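Some notes on the structure that comes next.
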Amino acid sequence: MGDIFQSAGEALLYGLVGFSVMGVAFLALDLVTPGRLDRVVWRDRNRGGAIVLGSQMLGVGWVVMRAVGASESEDGLGWGLLSTAVYGLAGVLLMILVFVVIGLLAPGPMGAVAFEDRDGQPHPAAWVHGATYLGTALMVGAALS
């Protein structure tokens, strides 16, 4: 019975690390996009912003899942949590870097373009950014296996 509670406690701790990595990812995306991301998505109901943010959160969740699997947990819980956080943050850094590079290569300010909704439809750039986040997450996840 004690193993169940120990495993549940460890799962909770890994979940808190994952949640923290997601929080950092949100803040990082907020820095490279126009406007306050929380207002853009929740108050302004911007579909492009929701696509980009939702894709990022799915991607970060995938990276954290793979990071937990690749964690150094055999060296103890502390090392497992630390390695999960480091791997997860490395994935976030790479995702933001890809976002910025695509913004530099695309015509116009990509972050602003991705958040342009017209006639209730998101700009196609939002889908490109969303797919880029997911693709980057798959690459990082593969590297962690």
Side-chain angles (χ1 to χ4, degrees), residues 1-106 108-117 122-145:
M1 184 71 130
D3 288 343
I4 292 172
F5 292 113
Q6 180 180 349
S7 294
E10 290 175 4
L12 178 63
L13 291 173
Y14 276 102
L16 290 172
V17 168
F19 181 72
S20 298
V21 171
M22 288 183 130
V24 169
F26 180 90
L27 294 173
L29 182 61
D30 193 31
L31 289 174
V32 297
T33 56
R36 290 210 28 211
L37 192 54
D38 58 336
R39 290 182 184 158
V40 167
V41 173
W42 281 275
R43 189 189 69 198
D44 300 342
R45 303 172 60 97
N46 183 284
R47 288 171 178 82
I51 290 167
V52 172
L53 178 59
S55 298
Q56 182 202 40
M57 291 295 111
L58 283 171
V60 170
W62 175 262
V63 169
V64 169
M65 178 195 71
R66 299 301 302 223
V68 169
S71 72
E72 310 298 327
S73 57
E74 64 275 358
D75 293 331
L77 179 61
W79 281 111
L81 295 170
L82 178 64
S83 62
T84 297
V86 170
Y87 296 153
L89 292 172
V92 169
L93 180 65
L94 189 57
M95 287 179 187
I96 294 298
L97 179 64
V98 168
F99 185 93
V100 170
V101 168
I102 288 178
L104 294 173
L105 296 175
M110 190 61 151
V113 171
F115 284 21
E116 286 179 12
D117 283 356
H123 192 285
W127 295 104
V128 171
H129 270 300
T132 300
Y133 271 126
L134 294 175
T136 303
L138 292 173
M139 289 184 283
V140 171
L144 291 173
S145 57

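Computed from a predicted model, the values in this text were never measured in an experiment. Here, residue 1 is the first one in the sequence, and each next residue gets the next number.
Under the side chain to side chain contact (heavy atoms under 4.5 Å, CB included) criterion, Leu37 pairs with Phe26, Leu29, Asp30, Thr33, Val41, Leu53, Phe115, sequence neighbours left out. Taking Tyr133 as the reference, nothing meets the side-chain hydrogen bond (donor to acceptor under 3.5 Å, both in side chains) condition, with sequence neighbours excluded. Applying the side chain to side chain contact (heavy atoms under 4.5 Å, CB included) rule to Met65 yields the partners Trp62; only residues at least two apart in sequence or on another chain are considered. Leu77 meets the side chain to side chain contact (heavy atoms under 4.5 Å, CB included) test with Glu10, Leu13, Tyr14, Leu81; sequence neighbours excluded. For Val98, the side chain to side chain contact (heavy atoms under 4.5 Å, CB included) test picks out Ile102, Thr132, Thr136, with sequence neighbours left out. A search for side-chain hydrogen bond (donor to acceptor under 3.5 Å, both in side chains) contacts involving Arg36 returns Asp38, not counting sequence neighbours.
Residues Asn46 and Arg39 have side chains not in contact (no heavy-atom distance under 4.5 Å, counting atoms from C-beta outward).
Heavy-atom minimum distance, Val52 versus Ala126: CG2-O, 3.9 Å. Nearest approach of His129 to Ala114, heavy atoms of both residues: CD2-CB, 3.7 Å. In terms of heavy-atom proximity, Ile96 sits nearest to Ala28 at CG1-CB, 3.7 Å. Minimum interatomic distance between Met57 and Ala25 (heavy atoms only, all atoms of both residues): CE-CB, 4.0 Å. The minimum heavy-atom distance between Ala137 and Met95, with the atom names listed, is CB-CE, 3.4 Å. When all heavy atoms of Gly48 and Pro122 are compared, the pair lying nearest together is N-CB, 3.7 Å.
Among pairs with a residue in residues 79-93, those fulfilling side chain to side chain donor-acceptor pair (under 3.5 Å) read Glu72-Tyr87, at least two apart in sequence or across chains.
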Residue pair Met139, Leu94: steps toward the side-chain contact (heavy atoms from CB on, under 4.5 Å) verdict: CA-CA 10 Å; Met139 289 184 283; Leu94 189 57; 5.9 Å; no
Full working for side-chain contact (heavy atoms from CB on, under 4.5 Å) between Met22 and Val64: CA-CA 9 Å; Met22 288 183 130; Val64 169; 5.5 Å; no
